[in-house]
Amino acid sequence: MLAIRLIAEPDRLDVLVLPVRTADAAAGGDTSAEPVSTAVAPPDGTADEAAALVPAARLSGRAGEIHTQLRPGRTPGRLLLLGIGDGDEAAWRTAGAALARSAADEIHITIALPEGVTPAAVRGLTEGLLLAPYRFRMTEAGTTPALSSVDLLLADPGAFEAIVTTAQTTAAMTHLARDLTNTPSSLKNPQWFAEQVASAAADLPDLRLRVRGPDELAAEGFGGILAVGGGSASGPRLVELDWHPADARTHVVLIGKGITFDTGGISIKPVPAMKLMRKDMAGAAAVVAATLGAAMLRLPVRVTTLAPLAENMVSGSAFRPGDVVRHYGGTTSETTNSDAEGRLVLADALAYAVQQLKPDLLLDLATLTGANAVALGKRTAALYSENDQLAADVRAAAEAAGESVWRMPLHGDYVEYLGSEIADLYSAPAQGAGSVLAALYLREFTGDLRDRWLHLDMSAPSWADGDHAEVSRGATGWGVRWLLRWLASVD
């Protein structure tokens, strides 16, 4: 990962980056750009040169805009003017991402930061620089960015060390979630995923791991996980990862859907819908990575993560539409569609969390429905909760992190559709709105934590078809960034 160094005196000025912000122009309401006074003065003449270049290059100062000026025989040899918009955290994140891509062929750059720059701005810049260059490849062929180090030029570097460390941990855990999600399912089965968690958690203190295999799942009654995983030669697992610092006052349980490949089962998917189903465990990747990040940052909150893992495959032992599944705790579901498998494994984990872990707050993240993208597009997760404060806190954390959520209704009129003639619940009704019905079904397993539960249908933002700001094409690692911010704020 790109090395970030905080310095007060530049010792290497091959490429110097100076910020340019948008500025109100005249009464007409148009905007123009202006250079920003930096905390450490740039080399003689550089500031005047930047001031002359801004109007000459017709810069707008929008976040991520970059103008390169070559300066042969002088120091620095290249001067980059970087648009930072209005200078808030989101704008700096966008600027950092654009800079990492634009300067990929450089080896080292120095960024002169403004006077009075905020910790939030430095966090945004650092996250953008670290997240944008990410690429997942399983071959040595192809080009990789030459850029290996960035210096941040500040008047008081020590004041920003903690926030940069937080940004670096956040980026590293987002990379981990992206790696887990991008890995092809020829390697990634439930056992493999559990082994990756064990390896990542091995050297972190106060972190405990338990992995249940098929025999333990059967003995304890996790019927939903066993049903979904029953068609695969790779047996299901339940990962339970617990970060329990001594000073924790609040216990949060995070649950992430972990279908390591989803064929749709007997209700088999068409090929176009199946080819990216290695991403159907992005929720599990996000909650595991966030829990590891909480341990690295030693956040003062207890976090127990549950990742129910299964391959939903087609075989003679696969569960059938019309089967009745008995979940942890005894609730039964009539399964009319084996491609609605995620809610079955989540139901087991929710019921176990409520009955055995008894947390203060309960959240689940899942690539659950295609209806999420129909309703909200490709970049926004659907949020469901009956707790206004919890919903507001999560939404605020997501907005600060640059990850979009939108609160959706839990329509009481749809509850009747969950009624089955032969079981307690009908797992996948055909009536109503798909994402809402899936949330209502999960709510049935939250027991007395119903008013402290939040569900995120994150199928759409878990994957990107192209680069956008700090998001790289492929798995996005969605959820890690806001989870770490939110967990840091939990009392």
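Quick note: numbers below take in every heavy atom, side chains included, and nothing from hydrogens, waters or symmetry partners. The shown structure was predicted, so the numbers you read here are calculated from the model rather than taken from an experiment.
- Judged purely by atom type and a 3.5 angstrom limit, Thr183 uses its side chain to pair as donor or acceptor with the backbone of Asp179.
- With hydrogens and angles left out, the side-chain atoms of Thr304 and His251 include a donor and acceptor closer than 3.5 Å.
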Pair Asp388-Leu390, side chain to side chain contact (heavy atoms under 4.5 Å, CB included): steps then yes or no: CA-CA 6 Å; Asp388 292 342; Leu390 178 58; over 6 Å; no

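- Taking CZ from Arg21 and OG from Ser60, the interatomic distance works out to 14.5 Å, rounded to the nearest 0.5 Å.
- For the ring pair (Phe, Tyr, Trp, His ring centres under 6.0 Å) test, residues two or more places apart in sequence or in another chain that qualify with Tyr134 are His175.
- Applying the 6.0 Å contact sphere to CG of Asp156 captures more than 12 heavy atoms from other residues, nucleotides or ligands.
- Atom-to-atom distance recorded for Arg452:CZ and Ser385:OG is 11.5 Å, nearest 0.5 angstrom.
- Taking a 6.0 Å sphere around CG of Leu187, one finds it holds more than 12 heavy atoms contributed by other residues, nucleotides or ligands.
- Side-chain atoms of Thr291 and Thr305 form a donor-acceptor pair, as typed in the model, at a separation below 3.5 Å.
- Going from atom CZ of Phe193 over to atom CG of Leu180 covers 5.0 Å, rounded to the nearest 0.5 Å.
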Test log, rule side chain to side chain contact (heavy atoms under 4.5 Å, CB included), inputs Glu65 and Leu82: CA-CA 6 Å; Glu65 180 182 49; Leu82 175 66; over 6 Å; no

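- At most 12 heavy atoms of other shown residues, nucleotides or ligands fall within 6.0 angstrom of atom CZ in Arg379.
- Side-chain contact between Asp262 and Asp339 is present, with heavy atoms from C-beta onward closer than 4.5 Å.
- With sequence neighbours excluded, the residues forming a side chain to side chain contact (heavy atoms under 4.5 Å, CB included) with Ala172 are Met1, listed by chain and number.
- Side chains of Thr263 and Asn312: no donor on one and acceptor on the other come within 3.5 Å.
- Checked against ring pair (Phe, Tyr, Trp, His ring centres under 6.0 Å), Tyr384 has the following partners two or more places apart in sequence or in another chain: His455.
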Full working for side chain to side chain contact (heavy atoms under 4.5 Å, CB included) between Arg78 and Arg71: CA-CA 6 Å; Arg78 287 184 179 84; Arg71 309 174 79 243; over 6 Å; no

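- Within the model, atoms CZ of Arg237 and OG1 of Thr260 stand 10.5 Å from one another, a figure rounded to the nearest 0.5 Å.
- Counted by atom type alone, Asn372 and Ser459 present zero donor-acceptor pairs between their side chains at under 3.5 Å.
- Between the Thr476 side chain and the Pro461 main chain, a donor and an acceptor come within less than 3.5 Å of each other.
- Between Trp92 and Pro19, the shortest heavy-atom contact is CH2-CB, 4.1 Å.
- Two residues are said to be in side-chain contact when any heavy atoms from C-beta on lie closer than 4.5 Å; Ser489 and Asp393 fail this criterion.
- The two residues Lys257 and Ala366 make their nearest non-hydrogen contact at CB-CB, 3.7 Å.
- Here Lys279 contributes atom NZ and Phe261 contributes atom CZ; the two are 11.5 Å apart, rounded to the nearest 0.5 Å.
- Annotation: His468, atom NE2; neighbour count of heavy atoms from other residues, nucleotides and ligands within 6.0 Å does not exceed 12.
- Side-chain N or O atoms of Asp364 include none that pairs as donor or acceptor with a backbone N or O of Gly256 at under 3.5 Å.
- Once rounded to the nearest 0.5 Å, the distance linking OG1 of Thr369 with CG of Leu437 reads 10.0 Å.
- Within a 6.0 Å radius of CG in Asp105, no more than 12 heavy atoms belonging to other residues, nucleotides or ligands are found.
- Using a distance-only test at 3.5 Å, with no hydrogens or angles considered, a donor-acceptor pair links the side chain of Thr22 to the main chain of Gly85.
- For CG of Asp44, the number of neighbouring non-hydrogen atoms (other residues, nucleotides, ligands) closer than 6.0 Å is 12 at most.
- Within 6.0 Å of the CD atom in Glu115, the count of heavy atoms belonging to other residues, nucleotides or ligands exceeds 12.
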